[in-house]
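Sequence positions, counted from 1, serve as the residue numbers for this chain. Everything numeric here is computed off the predicted structure, so don't read it as measured data. These numbers come from the heavy atoms of this one structure, side chains and all, not from hydrogens, waters or symmetry mates.
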Amino acid sequence: TRAATERGQYSVDVEWSEADLALLEEQKKTDARLPDDAPRALLSVRLSVLTDDTTSPVRQELDLRLLARERGYRVVGVASDLNVSATKVPPWKRRSSGTG
């Protein structure tokens, strides 16, 4: 993972801290209390290259979940596009990612 970070790549498995995971769990519990007919939201997180000036995908997801909660949206999934240049690799040639 350290080598990946040094190359500017991002590893989701390593970047979630205990505090981040606790906040994520709290946000998911809040989602579960929304009414069944609440508007749904699909979050999109992207990062081509990890640098000191970029916002980590973890921070992006947590911020987007907070915004969805403030607006009363139920988060139904998270699409992530990590370590891929948007200008060099078209969407249909990118590796498929999971939802959370």
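Checked against side-chain contact (heavy atoms from CB on, under 4.5 Å), Asp20 has the following partners two or more places apart in sequence or in another chain: Trp16, Ser17, Val58, Leu62. By the side-chain contact (heavy atoms from CB on, under 4.5 Å) test, Glu70 pairs with Leu66, Leu67, sequence neighbours left out. Considering only residues two or more places apart in sequence or on other chains, Pro35 meets the side-chain contact (heavy atoms from CB on, under 4.5 Å) condition with Asp37, Ala38.
Gln27 approaches Arg69 most closely through the heavy-atom pair CG-NH1, 4.2 Å. Pairing each heavy atom of Gly72 with each of Pro39, the nearest pair is O-CD, 3.6 Å.
The existence of a salt bridge linking Glu25 and Lys29 is excluded, since no basic side-chain nitrogen approaches an acidic carboxylate oxygen closer than 4.0 Å.
Of the possible polar contacts, one joining the Arg74 side chain to the Leu34 backbone as a donor-acceptor pair under 3.5 Å is found.
Residue Leu23 holds its CG atom at 10.0 Å from CD of Glu61, rounded to the nearest 0.5 Å. From Leu64, atom CG reaches atom CZ of Arg59 across 10.0 Å, with rounding to the nearest 0.5 Å.
For the pair Arg65/Thr30, no side-chain contact is recorded, criterion being any heavy-atom separation below 4.5 Å from C-beta on.
Residues Val45 and Val75 share a hydrophobic cluster, clusters being chains of Ile/Leu/Val/Met/Phe/Trp/Tyr side chains in contact below 4.5 Å.
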